[in-house]
Amino acid sequence: MNILPSNVQKLMQLLQRIPGLGPKSAARVAMFLLTSPKGYTKELGEVIANLKEEIVYCKMCFNIASSTPCEICDSQERDESIICVVEDPLDVLAFENGTDFKGKYHVLGGVISPVNGIGPEDLTIAQLINRLEGGKVKEIIIATNPNIEGEATAMYIKQEILNLSSQALKVGKRDLKITRLARGLPSGADLEYADKTTLKKSFEGRTNF
Ligand SMILES: [Zn+2]
């Protein structure tokens, strides 16, 4: 017999679907919310309820933002000749907090993963290639995670860039560099969890790819 009121049970069930929250942590979060001031739970509820409405995907870099183009794409202070290609918005956050990078980003929306049914067409790779036309971009930093799927995605992107016609993009001749983060990051690691020093070092030591 479950002695908890049905709305508390429901809350726990919903919380358990959050990555990293098992039944015990979900119960703890639920208890924390139950004993929190009303103002806090009301505000939290409102933020969650409106989350999707107030978020857009930037039409340039595909990062989550409150407007499109996002602040970074729109900024004149940022170097549009360097694009750092990352898997998801949390990686942008990691770079912004952990490095001195002042270029622009491109968020792929994941990695190629046949096991999970994710192909190149499910990611923003074609849009990335479009951004290279026009010849303003001088360096592409492929900063996918150093695991099997991240490496395979990096290879795929590199090949797509090399496939571009020489008029659109003179790789080599017109110095478009393709780089990859240095091997300071532990293999199989997740960028967003890398400590700042490691990320910064691996970013500064990036090599031709
Ligand atoms: Zn953007």
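Worth saying up front: this structure is predicted, and the values here are computed from it rather than measured. As the structure lists them, so they are numbered: ligands from 1, and atoms in each ligand from 1.
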Q: Spell out, as yes or no, whether a donor-acceptor pair under 3.5 Å connects the side chain of Asn145 to the backbone of Asn147.
A: no

(Q) Less than 6.0 angstrom from the centroid, inside 45 degrees of the normal: does Arg206 satisfy that with respect to the ring of Phe203? (A) yes

Q. Of the options Ile142, Leu128, Ile141, which is the one that meets Ile83 in a side chain to side chain contact (heavy atoms under 4.5 Å, CB included)?
A. Leu128

**Q.** Listed partners of Asn116 passing side chain to side chain donor-acceptor pair (under 3.5 Å), at least two apart
**A.** Ser113

**Q.** Aromatic plane relationship, His106 with Phe62 - under 30° parallel, 30 to 60° tilted, over 60° perpendicular
**A.** perpendicular

Q) Among the protein atoms near the Zn ion (ligand 1), how many are N, O or S and lie under 2.8 Å away? A) 4

Q. Does any non-hydrogen side-chain atom of Ile118 lie less than 4.5 Å from one of Glu149?
A. no

